[in-house]
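A quick note: this is a predicted structure, and the numbers were derived from the prediction, not measured.
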Amino acid sequence: VDVVMSVLVVASALSLFVELELRGYELGERLSQGGSPDQGEQEAWGPLRVFEQVVNAIFLLELLFQFWMSRCLFFWHPVRRQVKWFNCLDAVIVLICSFDLYVVPQLISEASSGAQS
C-alpha cells in the first residue's frame, strides 16, 4: 500500500508540473497576442484535472481509512508519548488539497455569479 501511495504522490507531482507548464504556455501566448492575463482560461488540460481529482479522492479515502482503523493513535504514539508529526502533515496536506479542489471553485463561482448580477 505504501509503495502504491508513493507512486501516486510522484504521479500527482508530475501532473502538477505539466499543468503549470501548460498554464504558463497559455498565459504567454495570451500576453504575446496583446491579451490580458485574466481573460477566460481554456480547460485544455481537462484530463489532468480529472487525474488530480481522482488522486486526491484516493488520498482522502486512504487518510480516512487510516484514521478509522487507528483512531487517535494515528496522530499519537502511546509508547513514546509523542505526536506522529508526519501523519499530522499528511492529514493537513490532504485536507488543504481537498479544500482547494472542492470548496474554492464553488466559492469562486458563487462570487463571480454574485458580481455579474
Answer yes or no: is there a side-chain heavy-atom contact under 4.5 Å between Asp100 and Asn56?
no
Between Tyr102 and Val55, is there shared hydrophobic-cluster membership here, with clusters defined by ILVMFWY side-chain heavy atoms closer than 4.5 Å?
no
side-chain contact (heavy atoms from CB on, under 4.5 Å) partners for Leu64, two or more places apart:
Leu60
Applying side-chain contact (heavy atoms from CB on, under 4.5 Å), can you list everything that pairs with Leu16, at least two apart in sequence or on another chain?
Leu20
CD of Gln53 to CG of Leu101, rounded to nearest 0.5 Å, is 5.5 Å
Hey, what do you get for CZ (Arg49) to CD (Glu19), rounding to the nearest 0.5 Å?
4.5 Å
Please determine if Glu26 and Arg23 form a salt bridge, counting it only when a charged side-chain N lies under 4.0 Å from a carboxylate O.
no
Out of curiosity, Trp76 CH2 to Cys88 SG, how far, rounded to the nearest 0.5 Å?
10.5 Å
Any side-chain to backbone donor/acceptor pair from Ser32 onto Gly28? Under 3.5 Å, distance only.
yes
Is there a path of hydrophobic side-chain contacts, each under 4.5 Å between heavy atoms, that joins Leu95 and Leu89?
no
When clusters are formed by joining ILVMFWY residues with side-chain heavy atoms under 4.5 Å apart, either directly or through shared neighbours, do Leu22 and Tyr25 land in the same one?
no
Set of ring pair (Phe, Tyr, Trp, His ring centres under 6.0 Å) partners for Phe67, sequence neighbours left out:
Phe75
With a cutoff of under 4.5 Å between side-chain heavy atoms, which Ile, Leu, Val, Met, Phe, Trp and Tyr residues group with Met69?
Phe65, Trp68
Asp90: partners by side-chain contact (heavy atoms from CB on, under 4.5 Å), with sequence neighbours left out
Glu62, Leu63, Val94
Atom CZ of residue position Arg80 - does it have more than 12 heavy atoms of other residues, nucleotides or ligands inside 6.0 Å?
no
Could you check if a side-chain atom of Ile58 sits within less than 4.5 angstrom of a side-chain atom of Met5, using non-hydrogen atoms only?
yes
Excluding sequence neighbours, so at least two apart, what forms side-chain contact (heavy atoms from CB on, under 4.5 Å) with Leu73?
Ser70, Pro78
Same apolar cluster (I L V M F W Y, side chains within < 4.5 Å links), Phe17/Val10:
yes
With clusters defined by side-chain heavy atoms of hydrophobic residues (ILVMFWY) lying less than 4.5 Å apart, directly or transitively, does Phe59 cluster with Val50?
yes
